[in-house]
Amino acid sequence: MLGAGPVDGSVWRARSAWMAGPVKDREAFQRLNFLYQAAHCVLAQDPENQALARFYCHTERTIAKRLVLRRDPSVKRTLCRGCSSLLIPGLTCTQRQRRCKGQRWTVQTCLTCQRSQRFLNNPRHVLWGDRPEAQLGNQADPKPPQPLPNTAHPIPAQLPEEKVQPQSSSHQ
Amino acid sequence: MTSAVYHAFSQKEAKEFDVQQHMGAQRAEAFVRAFLRRSMPRMSQQALEDHLQRKAVVLEYFTHRKQKEKRKKSKGLSAKQRRELRLFDIKPEQQRYSLFLPLHELWKQYIRDLCNGLKPDTQPQMIQAKLLKADLHGAIVSVTKSKCPSYVGVTGILLQETKHVFKIITKEDRLKVIPKQNCVFTVEIDGFISYIYGSKFQLRSSERSAKKFKAKGTIDL
């Protein structure tokens, strides 16, 4: 679920060079985190007006670009690269499963800029790429996650099952 | 098109498909409507009805066209982006002030977490230093001093911050656009009141977290 839990943990995990806690970075990450949750909050309150959520995500992207911060892929996938709007399948984008060259791809299409992203889905490849880094990240002590916004998004019934597994592995 | 847009799952089906239903039916319906509005191609109502009532509706043609359009420049078309109204339209004025209160709660928690505590013995210097780098979207700001007297006393939740301007929504659901130049703003958090001199803050909010502020001569307004 795209709540506060995986967001905080996954952004923290991306910092593989774990120094003694550089202060500026932590503040910047907190700010990114806050902007992401604010965009979700605004969309949950009012699904018609997506301009504000898009503005927040655009600000987020500019900050990350300016300060060169690495983001976890699971968070990057929910932002559109073209128009930088927040992608929620069922509301802002569509998700389909296709078969191409004998493999299963998930195709996400943003409805504003018609930009599509393709992800390979292989049921055998369960664990995610940075396993040795995950061991390193778990030893360090993560910040307490930010509290969830009050409302939850409806889970569309067409979400393929393979999507659930990578999210649960990033929980660990 | 006049039939029901949204119909909730019954209990049995919900259990079978393992779908959670937190929201009330109205909220869910709002989401479905928004999605439908986004996905429909841009034709007039008459043309849509026509399409649906005729029997021969060609469905397979659109995929090739989409692929051709995608080939142009995938690195962000700036002129087209701005044209697509990333900013506000007037409809948000129908959206009440109460819709942005959860955003304000979120902002309060974020600032509390940033400062690690409420008000024991922290010097105001630390809080100010952190506020410079922090994000102000969702804060309640008010204008204390300004060269233009009609701006003084405006209070509301900050929705957007651009290079020269704050966009604020007041309690009467009015969207106010206030220039930063020649204004002093007040931000309050948990008993700490900070004054922000707008003339020094003429930066986009993303640039602000990357810039180091030097203490130059004190300018009043």
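Just so you know, these numbers use all the heavy atoms, side chains as well, and skip hydrogens, waters and symmetry mates.
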Under 6.0 Å between ring centres: does that hold for A/Phe34 and B/His137? no
Which bit of A/Arg31 comes within less than 4.5 Å of chain B, counting heavy atoms only: side chain, backbone, both or neither?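 Its backbone and side chain both get close to chain B.
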What's the separation between atom [atom1] in [X] and atom [atom2] in [Y], rounded to the nearest 0.5 Å?
{"X": "A/Glu27", "Y": "B/Leu132", "atom1": "CD", "atom2": "CG", "answer": "10.0 Å"}
{"X": "B/Lys167", "Y": "A/Phe55", "atom1": "NZ", "atom2": "CZ", "answer": "8.0 Å"}
{"X": "B/Asp135", "Y": "A/Asn33", "atom1": "CG", "atom2": "CG", "answer": "11.5 Å"}
{"X": "B/Leu101", "Y": "A/Gln45", "atom1": "CG", "atom2": "CD", "answer": "9.0 Å"}
{"X": "B/Lys133", "Y": "A/Ile63", "atom1": "NZ", "atom2": "CD1", "answer": "11.0 Å"}

Counterpart residues, side-chain contact (heavy atoms from CB on, under 4.5 Å), relative to A/Ala39 (two or more places apart):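 Only A/Ala53, A/Tyr56, A/Cys57, A/Leu86 meet the side-chain contact (heavy atoms from CB on, under 4.5 Å) criterion with A/Ala39.
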Exercise: identify the closest heavy-atom pair between B/Leu103 and A/Cys41: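 Reported closest heavy-atom pair: N-SG, 4.0 Å.
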Looking at B/Phe100 and A/Leu52, what are the two nearest heavy atoms and their distance? CE2-CD2, 4.0 Å
Heavy atoms from other residues, nucleotides or ligands near CZ of B/Arg208 exceed 12 (cutoff 6.0 Å):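 For B/Arg208, atom CZ is crowded (more than 12 foreign heavy atoms under 6.0 Å).
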Between B/Tyr110 and A/Gln30, is there a side-chain heavy-atom distance shorter than 4.5 Å? yes
B/Glu207 versus chain A, heavy atoms under 4.5 Å apart: side chain, backbone, both or neither? side chain
